[in-house]
Amino acid sequence: MRKINYRITVNITQKTMKLGFRAKMPEEMEGKRIRVQAVFTQRQVERRFPMEVVIEEGEVGEQIRADAEILLPYVFYSPPRHKVNVVFALWCGAEEISLDDQPFPVQKELFARAEIVRKRNLLKFAGCSLGLPFLLVRDYFKEGKNFIKAAKRANETVYRISGYNYSARQQNTDYFAARYRKYVAKNKVKPNQILFLSEREPEEGGNLMLVKKWFEENEPGVEITTFINTKTVDQLKKRELRECALKCATSAVIILEDFYPQLHSIQKRNETKIIQLWHACGAFKTFGLTRMGKKGGAPQTSMNHRNYDLVPVSSDTIRDIYAEAFGISSSKVQALGVPRTDRLFDWEYEEEKRRELYEKYPAFKDNRVILFAPTFRGDGNKDAHYPPEAFDVNRFMERQPEDMVLILKNHPFVKQSFFVEERWKDRVFDLSTKEHINDLMLISNLLITDYSSSVFEAAILELPMLFYAFDEKEYMDSRDFYFDYDQFTPGPVVAEFEALCEKAASMLENIVSEVEQSDLDNFRKVFLNMVDGHSTERICRKIKTNYINI
């Protein structure tokens with residue numbers, strides 16, 4: 001694509017920047033997903049800030065309009081010490097478009113952030129407690145008669161005034177941060193110590209455990225320690241918080257594979273490096289700081305994710321997405337692969353796993369297998385669901401050949417089950433709480449999914465995929481994607497149940513068009529170009545060489 005010209009508008013009031021981006025839509029970009037980022041740079045440090053994009057009809061055709069209101073003190077993790085410039089990045093699908101760069105400077109003083117020192121005052125806290133009913137009533141009306149939001153806002157007011165609050169989560173987070181500061185002052189970093197940190201039980205074949213296993217088997221000089229506790233921060237006891245804080249303060253490297261909330265309440269010491277392996281492969285649905293201002297998203301003032309030193313990803317194409325989502329420089333996001341995909345290149349493991357599954361479920365061996373694995377609807381674990389009426393198992397089975405069995409694999413967050421008539425008991429298997437989805441792909445002939453990240457593992461295995469997107473618009477409105485859904489998916493998309501039944505039956509006959517095969521090949525090149533079966537070793541050697549001193 002050719003370079004395009006653009007114009008910008010900038011208005012700064014009391015350290016808040018209102019930023020506008022305008023450009024004429026080139027013909028070759030029409031009908032495609034457009035993303036615009038404002039890129040703040042100071043020497044080697046950058047922050048990619050997502051802008052809200054609207055395509056509108058102008059006097060000379062379609063126009064790209066992107067806007068953002070940015071709180072400058074929270075653009076960088078630490079206030080800048082050097083000149084700050086702003087440039088723009090424009091993406092059409094997975095392709096970055098060249099712009100006629102017009103960087104403009106912003107005074108570094110505008111990014112200064114007043115340090116918040118909360119001195120605890122019991123007298124003020126007592127006064128706030130007496131006035132709490134008034135605060136709740138006031139905030140109840142300010143928050144549109146939403147009591148939960150009103151209680152949260154009132155608690156924040158009490159915290160700001162007195163240094164105390166009623167939230168067990170915040171109390172424990174503050175305690176953790178205080179203990180961390182104390183341990184940093186009294187202890188040196190152990191240059192060969194790696195801490196594996198998680199608040200969920202890691203999977204045996206997950207990123208965290210594979211990296212841990214590699215160091216245990218290959219680097220005896222590395223001291224391994226863990227803090228793996230499935231309690232959330234508000235449930236942890238004081239001694240557990242102290243244990244975690246001490247390990248964080250004395251480790252040269254901290255390795256995660258998911259969000260760990262209290263870790264972002266600290267100003268980590270320079271000698272400690274945080275590696276975020278992240279649990280997902282690729283980038284599909286928006287996450288992290290991309291969702292600022294949206295339902296379930298963090299506020300601009302959030303420090304979540306922003307102290308990572310290295311984030312390995314599956315492809316160069318998605319480095320800017322992870323940099324944006326975590327609020328870190330693109331240089332800290334490196335295409336090194338994803339450890340848990342290594343098993344998908346291990347033929348001996350695959351043969352052994354197939355043998356085990358065929359022994360446990362003999363029906364899989366002599367029949368063709370469809371794996372139905374949708375993602376959940378809702379905001380998270382508490383309200384996760386999948387509408388059972390959207391997929392009628394019994395009607396679906398009636399439309400499939402007799403030598404087909406169906407595996408149901410709901411998202412782990414989803415608790416309800418599908419209704420399956422007794423006549424299908426030998427041909428329908430609900431394995432939602434059993435077996436790893438990657439293992440089930442090894443014995444499947446077709447994957448039916450919707451917006452699940454399992455698409456990446458299926459693409460590695462070259463497993464044919466069918467996408468059932470009956471609620472695409474609703475899902476897009478609530479979650480949003482980085483790419484156009486229809487252009488992203490490496491397989492046919494259907495919205496109606498009858499079309500799903502018909503297309504699934506035809507795909508079982510290996511009727512995969514040249515176009516569909518080409519889409520799958522291109523998908524692998526764009527999103528998985530550094531996934532080759534050696535991700536674990538490559539990442540571990542990177543960590544050892546750069547961050548460990550034995």
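For the pair E435 and I407, the minimum side-chain heavy-atom distance is 4.5 Å or more. Considering only heavy atoms from C-beta on, V333 stays 4.5 Å or farther from Y308 through its side chain. Side-chain contact between K32 and F483: absent, with no pair of heavy atoms (C-beta onward) separated by less than 4.5 Å. In this structure, F456 and T341 have side chains that are not in contact, with every pair of non-hydrogen atoms separated by 4.5 Å or more. Taking the side chain as every heavy atom from C-beta outward, S432 and V414 never approach each other to under 4.5 Å. For the pair L310/Q334, a side-chain contact is recorded, criterion being any heavy-atom separation below 4.5 Å from C-beta on. Contact of the M465 side chain with the L520 side chain is registered, since non-hydrogen atoms from C-beta on lie closer than 4.5 Å. Taking the side chain as every heavy atom from C-beta outward, R340 and N438 approach each other to under 4.5 Å.
Taking CG from L442 and CD from E351, the interatomic distance works out to 9.0 Å, rounded to the nearest 0.5 Å. One finds the CG atom of L263 at 4.0 Å from the CD1 atom of I274 (value rounded to the nearest 0.5 Å). Rounded to the nearest 0.5 angstrom, W214 CH2 and I543 CD1 are separated by 9.0 Å. Within the model, atoms CG of L246 and CZ of R179 stand 9.5 Å from one another, a figure rounded to the nearest 0.5 Å. Atom CD1 of I194 is separated from atom CZ of F196 by 5.0 Å, given to the nearest 0.5 angstrom. Residue S314 holds its OG atom at 7.5 Å from CG of N529, rounded to the nearest 0.5 Å.
Between R541 and E537 there is a salt bridge, with a side-chain nitrogen of the basic residue lying less than 4.0 Å from a carboxylate oxygen of the acidic one. Note on E422 versus K425: salt bridge recorded, some NZ/NE/NH1/NH2 to OD/OE distance being below 4.0 Å. The existence of a salt bridge linking R377 and D450 is confirmed by a sub-4.0 Å separation between a basic side-chain nitrogen and an acidic carboxylate oxygen. With respect to R427 and E402, no salt bridge is recorded, no charged nitrogen being found less than 4.0 Å from a carboxylate O. Between E352 and R355 there is a salt bridge, with a side-chain nitrogen of the basic residue lying less than 4.0 Å from a carboxylate oxygen of the acidic one. A salt bridge does not link E243 to R239: none of the charged side-chain nitrogens sits closer than 4.0 Å to a carboxylate oxygen. One finds no salt bridge joining R395 and E398 here, because no Lys/Arg side-chain nitrogen approaches an Asp/Glu carboxylate oxygen to under 4.0 Å.
By the neighbour-count criterion of 12 heavy atoms within 6.0 Å, atom CZ of R169 is sparsely surrounded, having that number or fewer from other residues, nucleotides or ligands. Open room surrounds CD on E204; 12 or fewer heavy atoms of other groups in view lie less than 6.0 Å from it. Surrounding NZ of K473 are at most 12 heavy atoms belonging to other residues, nucleotides or ligands under 6.0 Å away. The 12-atom threshold is exceeded at OH of Y358, counting heavy atoms of other residues, nucleotides or ligands nearer than 6.0 Å. Atom CD of Q487 has more than 12 neighbouring heavy atoms from other residues, nucleotides or ligands inside a 6.0 Å radius. Annotation for E348: atom CD does not count as buried by contact number, only 12 or fewer foreign heavy atoms lying within 6.0 Å. Atom NZ of K213 sits in a sparse spot, with 12 or fewer heavy atoms from other residues, nucleotides or ligands closer than 6.0 Å. The number of heavy atoms from other shown groups lying within 6.0 Å of CD (Q416) is above 12.
For F287 and W278, the ring centers are positioned less than 6.0 Å apart.
In this structure, R306 fails the cation-pi test against Y77, since its NZ or CZ atom is not both closer than 6.0 Å to the six-membered ring centre and inside 45 degrees of the ring normal. Remark: K238 qualifies as a cation-pi partner of Y175 under the 6.0 Å distance and 45° angle criteria applied to the six-membered ring.
No donor-acceptor contact under 3.5 angstrom links the side chains of S454 and E457, judged on distance only. E324 and T290 are linked by a side-chain donor-acceptor pair at a separation below 3.5 angstrom, with hydrogens and angles left out of the test. A donor-acceptor contact under 3.5 angstrom links the side chains of T286 and R291, judged on distance only. Between the side chains of N307 and H264, at least one donor N or O sits under 3.5 Å from an acceptor N or O. Side-chain atoms of Y260 and Q262 form a donor-acceptor pair, as typed in the model, at a separation below 3.5 Å.
Within the 3.5 Å criterion, the main-chain N or O of M530 finds a donor-acceptor partner in the side chain of R538. A donor-acceptor pair under 3.5 Å links the side-chain atoms of K409 to the main chain of L431, judged by distance alone. N445 contributes no side-chain N or O that, together with a main-chain N or O of R368, makes up a donor-acceptor pair within less than 3.5 Å. Remark: side-chain polar atoms of N549 are not paired, donor with acceptor, to backbone N or O of P191 under 3.5 angstrom. At least one donor-acceptor pair under 3.5 Å links the side chain of S315 to the backbone N or O of V526. Under the 3.5 Å distance criterion, the side-chain polar atoms of E95 are left unmatched by any main-chain donor or acceptor of C92. One N or O on the side chain of R524 and one on the backbone of A459 form a donor-acceptor pair closer than 3.5 Å. Although no hydrogens or angles enter the test, the distance criterion places no donor-acceptor pair under 3.5 Å between the side chain of S453 and the main chain of C281. The backbone N or O of T232 sits less than 3.5 Å from a side-chain atom of Q235, completing a donor-acceptor pair. Between the side chain of E257 and the backbone N or O of L208, at least one donor-acceptor pair lies under 3.5 Å.
Among all heavy-atom pairs drawn from I443 and R354, the shortest one is CG2-CG, 3.8 Å. For the pair F527 and A283, the tightest heavy-atom approach, listed with the atom from each and the gap, is CE2-O, 4.2 Å. In plain terms, the two heavy atoms of G337 and S535 that are nearest each other are CA-OG, 3.3 Å. Closest non-hydrogen pair, I328 versus H305, comes out as CG2-O, 4.0 Å. V531 approaches F345 most closely through the heavy-atom pair O-CZ, 3.4 Å. Between N367 and M404, the shortest heavy-atom distance links the atoms OD1-N, 4.2 Å.
Between F376 and F413, the ring planes are tilted. Angles from 30° to 60° get that label. The aromatic rings of F326 and Y322 sit perpendicular, their planes meeting at an angle over 60°, well past the 30° parallel limit.
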Worksheet item: Between Y451 and F467, is a ring-ring contact (aromatic ring centres under 6.0 Å, His included) present by the stated rule, with each step listed?
Response: CA-CA 8 Å; Y451 320 110; F467 294 85; 8.9 Å; no

Item to complete: Under the ring-ring contact (aromatic ring centres under 6.0 Å, His included) rule, what do Y386 and F391 come out as? Steps first, then yes or no, please.
Response: CA-CA 9 Å; Y386 183 85; F391 186 80; 7.6 Å; no

Item to complete: Test F497 against F470 for ring-ring contact (aromatic ring centres under 6.0 Å, His included), laying out the working first.
Response: CA-CA 8 Å; F497 184 73; F470 63 90; 9.8 Å; no

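Under the ring pair (Phe, Tyr, Trp, His ring centres under 6.0 Å) test applied with F284, the options F523, Y482, F488 reduce to a single match, F488. Of the options D486, D480, D484, a salt bridge (charged side-chain N to carboxylate O under 4.0 Å, His left out) to R33 is made by D480 and by none of the others.
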